Amino acid sequence: MTKTPGIVITGASGRMGQMLIKTVLDSDKARLVGVVERSGHPWVGQDLGLAMGGSAIGVMVSDDPQAVFAQAQAVIDFTSPEATLAFSKMAAKAGVVHVIGTTGMSEAQIAALKTAAAETVLVRAGNMSLGVNLLVQLTKKVAAALDEDFDIEVIEAHHHHKVDAPSGTALMLGEAAAEGRGVVLADVSDSGRDGITGARKRGDIGFSAIRGGDIVGEHDVLFAAAGERIVLRHMATDRAIFARGALKAALWGQGQAPGEYDMLAVLGL
């Protein structure tokens with residue numbers, strides 16, 4: 001009987017790390033073969049189950065990613081940009097699928113991932129939920145149908161722990177709107193407004209970020225013209241949707257040719 005793919009989770013102690021761990025453990029399509037935390041973290045060297053406050057499960061928390069990756073078929077990574085870049089090199093060396101949900105990466109950091117993608121399957125997305133990826137497609141279509149009489153604003157809300165803004169999902173939506181209009185987002189992006197900014201520039205795509213409480217993730221794409229508004233909205237109430245999407249990507253990546261993919265490819269959209 002063929003074994004199910006072995007999965008490694010990085011950033012095991014984080015909110016997403018623990019959700020990913022639970023999702024893999026609950027799945028009959030994958031096995032949890034390892035978890036990684038940074039050197040010096042109190043979980044390192046402990047049984048994962050005990051570290052999470054439960055009973056032992058026989059998976060030890062490691063601070064040696066390369067050794068753990070060698071036991072797996074896929075790595076799911078929701079950590080930091082710097083850590084993700086390091087993990088991408090290790091995943092490529094091990095020949096395992098690297099699923100990246102890390103946000104806040106610079107253009108230079110994203111470009112650096114191409115080296116790893118030449119050697120293994122890399123799936124990267126600012127958001128891994130089916131609903132958000134459908135919203136991306138809808139945003140592109142609506143933006144293509146409307147001219148610059150309609151201002152576009154991407155409005156996002158997240159919990160107060162989130163460290164980057166705009167969110168990766170907001171940037172995905174902004175890119176979709178720009179693609180629909182046939183422009184480059186970097187040329188029309190408008191964010192971080194404060195003080196006397198002057199009137200909004202025609203054709204700009206704006207970003208507004210809200211941080212507070214335990215908001216999992218809410219995204220609106222507003223198309224506003226004189227006398228009318230169109231609002232496309234997605235609201236996430238449980239981060240398990242992102243973990244399920246990430247696991248789906250890890251499973252989809254098995255047997256794919258090396259390269260860089262997104263969730264639209266995984267979902268066939």
Side-chain angles (χ1 to χ4, degrees), residues 9-24 26 52-53 76-84 99-106 110 123-140 142-143 151-178 185 189-194 204-224 229-249 262-264 266-267 269:
I9 306 299
T10 62
S13 69
R15 289 183 300 277
M16 269 308 302
Q18 294 190 54
M19 180 58 71
L20 287 161
I21 288 165
K22 183 178 185 303
T23 299
V24 175
D26 289 346
M52 293 179 66
I76 303 179
D77 175 20
F78 284 64
T79 54
S80 68
E82 295 77 13
T84 290
V99 177
I100 299 173
T102 302
T103 59
M105 300 188 77
S106 68
I110 291 170
V123 182
R124 186 184 68 84
N127 192 299
M128 299 205 170
S129 83
L130 172 60
V132 162
N133 282 278
L134 287 171
L135 179 60
V136 167
Q137 295 296 80
L138 289 171
T139 297
K140 188 186 304 181
V142 174
D151 297 321
I152 302 177
E153 188 82 7
V154 181
I155 305 155
E156 54 102 342
H158 284 87
H159 52 85
H160 59 219
H161 296 289
K162 188 166 179 62
V163 299
D164 58 305
S167 69
T169 303
L171 292 172
M172 283 174 61
L173 293 167
E175 290 283 3
L185 180 60
S189 179
D190 179 17
S191 61
R193 304 184 192 99
D194 185 37
D204 275 359
I205 296 174
F207 293 89
S208 300
I210 298 166
R211 297 289 178 266
D214 61 355
I215 301 169
V216 173
E218 299 176 4
H219 294 85
D220 288 0
V221 185
L222 169 67
F223 297 85
R229 285 175 287 174
I230 300 166
V231 182
L232 305 178
R233 170 173 290 181
H234 180 270
M235 300 178 68
T237 57
D238 186 345
R239 57 177 46 89
I241 63 173
F242 311 129
R244 289 194 295 267
L247 178 57
K248 184 179 182 71
D262 58 20
M263 282 302 290
L264 297 180
V266 173
L267 298 169
L269 296 175

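Bear in mind the structure is a predicted one, so any value in this text is a computation, not a measurement.
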Please check this pair: side chain of [X] against backbone of [Y], looking for a donor-acceptor N/O pair closer than 3.5 Å.
X	Y	result
D220	L222	no
D262	L264	yes
N127	N133	no
E218	E156	no
S129	F242	no

Distance (rounded to the nearest 0.5 Å) between [X] [atom1] and [Y] [atom2]:
X	Y	atom1	atom2	value
S191	I205	OG	CD1	11.5 Å
I9	K22	CD1	NZ	13.5 Å
L135	T169	CG	OG1	9.5 Å
L134	L267	CG	CG	7.5 Å
I155	F207	CD1	CZ	11.5 Å
K248	L130	NZ	CG	8.5 Å

Looking only at heavy atoms, which two atoms of [X] and [Y] are closest? And how far apart?
X	Y	value
S208	R193	OG-NH1, 3.9 Å
A249	M263	CB-SD, 3.9 Å
P81	T103	CG-O, 3.8 Å
I100	M128	O-CE, 3.1 Å
A165	R211	CB-NH2, 3.4 Å
E153	G206	OE1-CA, 3.2 Å

With a 3.5 Å cut-off and no angle check, do the side chains of S167 and H219 form a donor-acceptor pair? yes
Going through the distances and angles, do V24 and L247 end up as a side chain to side chain contact (heavy atoms under 4.5 Å, CB included)? CA-CA 7 Å; V24 175; L247 178 57; 4.3 Å; yes
Taking atom CZ as the centre, does R229 end up with more than 12 heavy-atom neighbours from other residues, nucleotides or ligands that are less than 6.0 angstrom away? no
Is it the case that over 12 heavy atoms from other parts of the model lie below 6.0 angstrom from the CZ atom of R233?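 Atom CZ in R233 is not packed in, count stays at 12 or less.
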If you define the side chain from C-beta out and look only at heavy atoms, does anything of V136 sit under 4.5 Å from L173?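 Yes - at least one pair of side-chain heavy atoms lies under 4.5 Å apart.
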Heavy-atom side-chain contact between V216 and T237 under 4.5 Å: no
Member of L232, I152, V221 meeting the side-chain contact (heavy atoms from CB on, under 4.5 Å) criterion with V142: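 The side-chain contact (heavy atoms from CB on, under 4.5 Å) with V142 is passed solely by L232 among L232, I152, V221.
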Between D238 and M19, does the side chain to side chain contact (heavy atoms under 4.5 Å, CB included) criterion hold? Intermediate values first, please. CA-CA 10 Å; D238 186 345; M19 180 58 71; 4.0 Å; yes
What's the verdict on side chain to side chain contact (heavy atoms under 4.5 Å, CB included) for H159 and R239, showing C-alpha distance, side-chain angles and the deciding distance? CA-CA 12 Å; H159 52 85; R239 57 177 46 89; 3.7 Å; yes
